[in-house]
Protein chains: 2
Amino acid sequence: MTRRDRLTKVRAIETVLKRDAAMNLKELATKLGLSPTTVSRALNGYPEVNEATRERVIAAAKRHNYHPNTRAIRLATGRAMAVGHVIPIATRHEIVNPVFADFIAGAGETYSRNDYDMILSVVPDEDEDATYRGLKSKGNVDGVIVHAPRMNDPRIALLREIGLPFVVHGRATGTAEPYSWLDVNNRRAFQRATEFLLDLGHSRIGLVNGLEFMDFAIRRRTGYVDALTARGITPDPGLMFSDEMTEVAGFRATQAMLTLPQPPTALLCASMISGMGARRAVESAGLVVGRDVSIIIHDDDLSYMKNGEDVPIFTATRSSVREAGRLAAEMLLALIAHPEDAPQQRLLEAELIIGQSTGPAPKA
Amino acid sequence: MTRRDRLTKVRAIETVLKRDAAMNLKELATKLGLSPTTVSRALNGYPEVNEATRERVIAAAKRHNYHPNTRAIRLATGRAMAVGHVIPIATRHEIVNPVFADFIAGAGETYSRNDYDMILSVVPDEDEDATYRGLKSKGNVDGVIVHAPRMNDPRIALLREIGLPFVVHGRATGTAEPYSWLDVNNRRAFQRATEFLLDLGHSRIGLVNGLEFMDFAIRRRTGYVDALTARGITPDPGLMFSDEMTEVAGFRATQAMLTLPQPPTALLCASMISGMGARRAVESAGLVVGRDVSIIIHDDDLSYMKNGEDVPIFTATRSSVREAGRLAAEMLLALIAHPEDAPQQRLLEAELIIGQSTGPAPKA
DNA sequence: GAATCGCTTCAAACCGCTTTGGATGGTTCA
DNA sequence: TGAACCATCCAAAGCGGTTTGAAGCGATTC
């Protein structure tokens with residue numbers, strides 16, 4: 001079979017497939033004895049169409065199960081009606097994490113309500129730039145959400161340069177120009193948590209932080225350090241750990257601290273998962289959480305990883321990442337609708353909830 | 001400002017925005033002194049174009065940073081170049097789970113490599129049907145992946161009816177017609193795990209299963225029951241729990257079993273997370289995992305929830321859900337390319353890896 | 001009674017690409 | 001020498017909507 005034959009065959013198949021294609025605007029217009037123009041306007045709520053006609057059109061559209069072809073709309077309007085989320089993969093697997101799933105779920109709810117598509121691009125680290133450029137120049141999306149910003153994050157300059165609207169989930173310290181972001185007040189959250197522990201009489205407090213090239217991790221450390229300093233305690237570098245927020249990392253950091261000559265009596269953990277690792281380390285050292293060692297975690301309120309139900313397992317700084325997703329998506333859609341507006345910012349406060357993992361400092 | 005004025009203004013703004021619009025095929029063709037036809041063919045590798053010309057075109061495309069507009073390609077070819085993943089939300093939050101994130105990451109890698117978009121629809125349970133119908137009739141996707149199948153899953157009949165290619169991640173017991181799926185051999189995995197425990201001398205073995213309207217959960221229970229029965233042990237309903245795969249649920253089920261007159265000496269847990277709940281219950285009962293109570297989990301090999309690194313924390317049946325995502329996506333793309341082909345199936349085997357959480361049954 | 005106006009409607013252009021169905025000119029072969 | 005045949009290239013017709021610019025027409029105004 002020659003190439004030409006094959007093409008011919010492919011086209012024949014495609015023709016067959018199109019036989020059960022959906023009804024389109026032209027057909028519907030013909031059935032109604034109207035022009036496509038009028039039908040289009042009737043369905044899109046334009047004022048220059050008789051109300052009686054509009055109702056007739058809407059009824060017919062429903063009756064014939066007419067759904068305008070998205071691809072045609074997109075070409076005609078020049079809008080993608082889609083938002084992108086780029087997820088770099090491989091070396092840093094920090095991003096494919098449970099937090100991300102819940103954020104996506106929240107954002108997705110907003111998109112669904114507004115008839116936007118959410119498109120996820122999973123790409124190797126080194127293709128990230130090219131991906132953003134492609135998304136823009138090929139016209140696949142109208143805007144993007146930037147995840148997991150780092151210090152001086154280069155993506156912000158890039159996106160501004162190529163003119164793709166964006167909202168950052170988190171902040172990127174070191175960026176000069178204003179940009180739109182939505183963040184949790186991580187500094188304040190960890191500051192309050194630390195103060196809470198200090199109030200309970202703890203003075204050796206360990207920090208099991210996330211990777212500190214991530215912006216939120218830096219802010220958390222700042223809050224922790226500030227609270228200690230304010231009470232006249234010099235932060236001890238031997239009590240500050242920074243690693244991925246995994247169970248194993250939490251375990252190791254805690255284990256290391258517990259073997260110190262002066263082990264901590266309380267811990268701040270960056271996530272529920274690292275908190276579970278910390279708990280394992282505490283318990284396998286024969287100690288009891290909440291009595292010998294107090295633990296406070298940051299709780300992103302993930303739907304499948306609830307910190308208890310009625311009674312929280314861990315005392316925690318809590319902020320729903322899913323709600324953050326919903327809000328960030330709303331900000332982005334607003335930005336897409338009014339690109340000329342000034343960048344918006346939104347800072348969410350975490351609440352401090354008391355669970356079973358904290359108690360007064362043990363008498364020395 | 002009248003409506004017309006406003007429209008005029010909007011258009012003016014749009015015109016301004018288009019000034020920095022990307023170069024298009026026609027412009028590129030003009031610059032080259034060729035017709036759009038030839039340029040298109042040159043770039044798409046069609047044979048009816050002189051090689052010298054092709055090279056010239058490719059060079060010019062690169063030089064002028066030409067990227068064909070995806071929206072136009074989609075309209076012209078009638079293909080969406082996109083795959084959908086529908087995630088029902090709200091009542092059953094089972095799906096927004098960590099497994100899902102890793103599966104998506106795997107599938108996304110495949111899509112990226114093949115220049116397909118992945119679109120995620122997060123919709124309320126009751127809109128799921130309408131979402132699939134809309135995806136098809138509005139032409140947003142060329143196919144979908146079906147997640148978390150249940151017994152007699154109605155989505156399969158629906159998708160076949162509307163003629164949207166699909167691959168199921170898992171299987172849906174009770175479906176008569178053949179369909180494409182990719183699954184882990186959950187029955188065999190749990191059977192082997194149970195046999196392993198039996199070999200270690202355990203005879204009271206508890207099951208902390210996922211929700212048993214999910215197909216995989218049923219299969220796991222079958223494997224567990226079969227292994228027991230084969231050794232002449234009658235499965236005890238008091239040792240079989242079924243709930244969401246959360247930490248808290250794992251904790252509760254385990255706690256309940258440990259207070260029985262004859263508590264189990266070993267547990268099978270449906271996930272890493274429920275296994276952690278189980279471990280918490282064991283330890284808070286003053287027992288030691290791997291000595292007093294053995295635990296085997298199913299490990300989906302999630303990137304952010306590693307079951308240890310060198311040495312596994314838990315003995316586990318392991319199967320990478322990310323790899324499953326990659327493979328399922330490949331199956332779907334093949335199906336889209338050859339819709340006339342027979343449905344494909346693929347059954348992956350889990351490996352049994354030995355960790356620190358199992359040991360011989362304690363002497364009674 | 002003519003000019004004007006608002007309300008409806010429509011034909012045609014357009015979005016940016018693919019694909020069809022030639023056209024052109026040079027080769028090959030009888 | 002002329003017909004058949006390639007290898008290349010192009011004009012134009014889609015794809016299925018939206019949007020422009022204009023037209024028809026009864027009602028209002030002067």
Side-chain angles (χ1 to χ4, degrees), chain A residues 2-4 6-8 10-12 14-15 17-18 21-30 32-57 61 66-81 137-140, chain B residues 2-4 6-8 10-12 14-15 17-18 21-30 32-57 61 66-81 137-140:
Chain A
T2 69
R3 175 177 176 84
R4 187 164 291 272
R6 209 166 331 144
L7 282 181
T8 309
V10 165
R11 277 161 202 157
E14 282 171 355
T15 307
L17 291 178
K18 270 179 193 156
M23 139 131 355
N24 62 17
L25 183 64
K26 205 198 292 184
E27 287 179 63
L28 184 62
T30 307
L32 281 161
L34 289 170
S35 74
T37 307
T38 303
V39 176
S40 170
R41 286 187 163 147
L43 294 173
N44 289 313
Y46 280 75
E48 49 267 282
V49 56
N50 187 301
E51 275 311 314
T53 309
R54 186 194 306 281
E55 281 167 26
R56 202 160 65 87
V57 170
Y66 167 69
H67 293 272
N69 183 301
T70 310
R71 298 190 291 262
I73 294 179
R74 287 175 171 163
L75 179 57
T77 62
R79 290 176 304 171
M81 295 303 288
S137 60
K138 297 190 292 186
N140 294 26
Chain B
T2 68
R3 176 180 174 81
R4 189 162 289 273
R6 209 166 328 139
L7 282 181
T8 309
V10 165
R11 278 160 202 155
E14 282 171 355
T15 308
L17 291 178
K18 269 177 194 157
M23 138 131 357
N24 61 18
L25 183 63
K26 205 199 295 185
E27 287 179 63
L28 183 62
T30 307
L32 281 161
L34 289 170
S35 74
T37 307
T38 304
V39 176
S40 170
R41 285 185 164 148
L43 294 174
N44 290 312
Y46 281 74
E48 48 267 280
V49 55
N50 188 301
E51 276 311 315
T53 309
R54 188 194 306 281
E55 279 166 28
R56 203 160 62 87
V57 170
Y66 167 69
H67 294 272
N69 183 301
T70 310
R71 298 189 293 262
I73 294 179
R74 287 174 173 165
L75 180 58
T77 60
R79 290 176 304 170
M81 295 303 288
S137 60
K138 297 191 291 185
N140 293 26

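As the structure is a computational prediction, the values presented were derived from the model and not from experiment.
Within the 4.0 Å cut-off from OP1 or OP2 of C:dT8, at least one side-chain nitrogen or oxygen of A:N50 is found. Distances shown here put a side-chain N or O of B:T38 below 4.0 Å from the OP1 or OP2 atom of D:dC10. The side chain of A:Y66 contributes an N or O atom lying less than 4.0 Å from OP1 or OP2 of D:dG17. A sub-4.0 Å separation between OP1 or OP2 of C:dC17 and a side-chain N or O of B:N69 is absent. Under 4.0 angstrom from either OP1 or OP2 of D:dT18 there lies at least one side-chain N or O belonging to A:N44. An OP1 or OP2 oxygen of D:dG17 is reached within less than 4.0 angstrom by no side-chain nitrogen or oxygen of A:S40. Phosphate proximity of C:dT18 to B:Y46: absent, as no side-chain N or O sits under 4.0 Å from OP1 or OP2.
To the nearest angstrom, C1' of C:dT24 lies 16 Å from CD of B:E48. Regarding A:I73, its CD1 atom lies at a distance of 13 Å from the P atom of D:dG16, rounded to whole Å. Straight-line distance from the CG atom of B:L32 to the P atom of D:dC9: 11 Å, rounded to whole Å. Going from atom CE of B:M23 over to atom P of C:dG16 covers 12 Å, rounded to whole Å. Protein atom CZ of A:R79 is 13 Å distant from nucleotide atom C1' of D:dT19, rounded to whole Å. Here C:dA12 presents its P atom at 13 Å from NZ of A:K26, a figure rounded to the nearest Å. In this structure, B:L25 places its CG atom 13 Å from P of D:dA11, rounding to the nearest Å. Following rounding to the nearest Å, A:R54 (CZ) and C:dT8 (P) show an atom-to-atom distance of 10 Å.
Of the inter-residue distances, the one linking A:L75 atom CG with A:I73 atom CD1 reads 11.0 Å to the nearest 0.5 angstrom. Residue B:N50 holds its CG atom at 9.5 Å from CZ of B:R56, rounded to the nearest 0.5 Å.
Counting non-hydrogen atoms under 4.0 angstrom, B:L75 reaches a base of the nucleic acid. Counting non-hydrogen atoms under 4.0 angstrom, A:R41 reaches a base of the nucleic acid. Counting any heavy atom pair closer than 4.0 Å across all strands shown, A:G139 reaches no nucleic acid atom.
A donor-acceptor contact under 3.5 Å is not formed by the side chain of A:T53 with the base of C:dT8.
When the nucleotides C:dT18, C:dC10, D:dG16 are ranked by their closest atom to the side chain of B:T77, C:dT18 comes out on top.
Put simply, the side chain of B:R71 does not reach to within 4.5 Å of the side chain of A:R71, judged on heavy atoms. Here the side chains of A:N24 and A:L28 are not in contact, with every heavy-atom distance at 4.5 Å or above. With contacts defined as side-chain heavy-atom distances shorter than 4.5 Å, the pair B:L25/B:S40 qualifies.
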